[in-house]
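Just below is one structure, and these are the notes that go with it.
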Amino acid sequence: MDARGGHRDGDEEAATAGATPLLAAPASLGSGRRSHAADLHVLSAAFLFVFSAYSAAQNLETSVNTEGDLGTVSMGILYTSFTLFAVAASPVVTWLGSKRALVVGTSGYVLFILANLVPTWYTMVPASLYLGFTASIIWVGQGTYLTSAALSHARDNNLPEGQTLGSFNGEFWGMFASTQVIGNLISLALLRDGKDGGSVTGKNLLFVVFLGCMIVGIVLMCLLSKRDEKGNNAPTHSSFGAMMKYIVAPLKDRRMILIVPLIAYSGLQQAFVWAVFTKSIVTPVLGISGVGGAMAIYGAADVVCSLVAGRLTSGLHSATSIVSVGAILQAVVLFWLLLFYSPMGGLLGAAVPLFIGALWGVGDGVLNTQLSALLGLLFEDVKEAAFAQLKVWQSGAIAVIFFLSPNITLQAMLILMATALIVSFGSFLLLTLVVEKPSTVRS
């Protein structure tokens with residue numbers, strides 16, 4: 001494979017980098033342009049505000065909007081739309097530029113929060129469809145923008161690219177994971193179980209607060225530096241056929257084929273938390289108002305793991321070890337729920353969902369950091385298309401869970417998840433074996 005960054009193993013080069021500060025600003029920025037690391041901080045803060053609101057709202061959908069399974073169906077529609085639009089997101093992001101894509105993408109999240117203030121089929125379904133479109137843009141834009149910033153930072157400072165990508169992704173995903181903590185603590189503070197046991201109070205105030213968070217996030221998106229990738233105006237997408245050829249190009253690479261199952265599983269395990277864990281594990285024990293607390297614990301574990309995993313990432317070998325830890329922990333949770341778990345009362349019974357959430361958060365943090373870093377390393381020349389593939393498979397898997405969850409038992413869902421984990425982890429291990437000379441991964 002292309003190894004313009006050198007033929008040394010990423011792990012070896014990481015060692016030689018020593019204590020070089022990966023997020024230090026370049027010594028000279030020439031024109032006074034904001035440093036690449038500063039752009040990372042702004043991007044991370046913008047996503048913190050937007051997704052503190054959205055993540056907490058999403059966690060509540062299956063528990064709050066229960067009439068006719070409105071919340072569950074809306075989420076299924078959202079991620080189906082996300083999947084379909086993500087196929088064409090890469091040329092849209094290339095045309096808009098990654099900064100504009102991030103700003104435009106935020107609009108769908110604002111509309112979704114507004115729809116939740118008046119949750120009906122006439123508001124939630126159109127908002128979910130539109131959010132699917134804008135989410136595909138914002139996430140391809142995020143992957144493209146972060147990868148561009150990380151690689152530019154590495155080149156300006158003579159740092160190893162693999163380690164820098166890992167560090168940038170670690171900070172971003174650590175900040176992103178903290179949205180589960182912040183958003184769900186807000187939810188925990190404002191929501192109260194109703195006296196009838198079947199409703200909650202404080203929902204509208206909660207979504208107004210979420211709307212304010214969204215506005216702050218949009219302002220921060222607008223403050224990002226513009227990053228125009230070279231070749232954006234090339235005639236790559238001059239026809240529909242050429243555009244589709246560009247989109248599917250990564251699928252001709254066996255490395256992408258082998259990593260797709262793990263991408264799909266990353267979506268399955270996220271949706272499992274949002275649609276199944278909150279409704280079938282947390283709510284029966286802690287009530288709807290307890291969802292926020294459980295998800296805050298999940299998010300806190302995700303934050304710590306994302307930061308640690310990002311710092312330890314330096315190449316394919318290190319990623320394999322890190323992913324293995326996350327896969328084993330999630331396998332333990334799945335088989336524990338399948339074979340031994342039953343709801344209990346008392347303090348111990350209340351602690352079990354929190355412990356499960358913490359273990360699951362570790363696995364989520366691992367997958368987010370490692371998948372993003374590896375795609376940036378392996379597919380630098382087709383970043384937009386590679387990150388579009390990430391979101392196509394990830395969001396498609398999420399949609400499957402949301403549509404399946406009302407129609408199958410918890411045990412059937414656990415069996416599905418365990419099977420998917422085994423297949424995806426096996427495929428990822430095969431990737432480490434079949435990639436010829438793994439040390440040539442860009443470091």
Side-chain angles (χ1 to χ4, degrees), residues 4-6 10 13-14 16-51 93-94 96-106 138-179 216-232 303 306-315 368-369 372-377 380-381 383-384 387 442-443:
R4 286 168 290 172
E13 190 162 343
T16 64
T20 304
L22 290 177
L23 296 184
S28 175
L29 295 176
S31 62
R33 183 187 182 281
R34 181 190 297 142
S35 74
H36 307 297
D39 279 333
L40 167 67
H41 305 327
V42 175
L43 177 68
S44 300
F47 272 72
L48 175 68
F49 279 97
V50 171
F51 284 89
V93 172
T94 303
L96 286 174
S98 54
K99 176 185 174 178
R100 288 196 191 95
L102 291 166
V103 175
V104 171
T106 311
I138 199 173
W139 279 111
V140 174
Q142 176 273 330
T144 302
Y145 192 96
L146 187 147
T147 299
S148 175
L151 295 178
S152 297
H153 182 81
R155 290 160 187 163
D156 288 350
N157 292 274
N158 296 317
L159 295 170
E161 292 182 355
Q163 193 179 8
T164 307
L165 266 169
S167 183
F168 270 53
N169 274 286
E171 176 177 327
F172 175 83
W173 288 108
M175 185 78 83
F176 181 82
S178 67
T179 63
V216 175
I218 292 176
V219 172
L220 288 172
M221 294 285 193
C222 293
L223 296 178
L224 287 168
S225 300
K226 186 176 181 181
R227 290 184 175 276
D228 286 328
E229 297 292 321
K230 293 180 180 179
N232 275 1
V303 170
S306 296
L307 292 173
V308 173
R311 286 292 180 179
L312 295 176
T313 303
S314 56
N368 283 331
T369 56
S372 294
L374 286 174
L375 288 176
L377 285 169
E380 182 191 344
D381 293 335
K383 289 190 295 292
E384 295 90 345
F387 283 105
R442 292 181 62 87
S443 54

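- The CG atom of Leu146 sits 12.5 Å away from atom NE2 of His36, with the distance rounded to the nearest 0.5 Å.
- The side-chain contact (heavy atoms from CB on, under 4.5 Å) with Ile138 is formed by just one residue from the set Val104, Thr106, Val93; it is Thr106.
- With sequence neighbours excluded, the residues that form a side-chain contact (heavy atoms from CB on, under 4.5 Å) with Leu307 are Val303.
- Expressed to the nearest 0.5 Å, how far OG1 of Thr369 lies from CG of Leu165 amounts to 12.0 Å.
- Using a 4.5 Å heavy-atom cutoff, the side chains of Leu102 and Leu43 are in contact.
- Between Trp139 and Phe51, the ring-plane angle classifies as tilted under the 30° and 60° cut-offs.
- The aromatic rings of Trp173 and Phe176 sit perpendicular to each other, their planes meeting at more than 60°, with 30° as the lower class boundary.
- A pairwise comparison of heavy atoms in Gly141 and Ala101 identifies CA-CB, 4.5 Å as the closest pair.
- Rounding to the nearest 0.5 Å gives a distance of 7.5 Å between CG of Leu223 and NZ of Lys99.
- Under the 4.5 Å side-chain criterion, counting only non-hydrogen atoms from C-beta, Thr179 is not in contact with Phe47.
- With sequence neighbours excluded, the residues satisfying side-chain contact (heavy atoms from CB on, under 4.5 Å) with Val103 are Met221, Cys222.
- Contacts of Val216 classified as side-chain contact (heavy atoms from CB on, under 4.5 Å), with partners at least two apart in sequence or in another chain: Phe49, Leu220.
- In this structure, Phe168 and Ser44 have side chains that are not in contact, with every pair of non-hydrogen atoms separated by 4.5 Å or more.
- Counting only heavy atoms from C-beta outward, the side chains of His41 and Met175 never approach each other to under 4.5 Å.
- Counting only heavy atoms from C-beta outward, the side chains of Leu151 and Thr164 never approach each other to under 4.5 Å.
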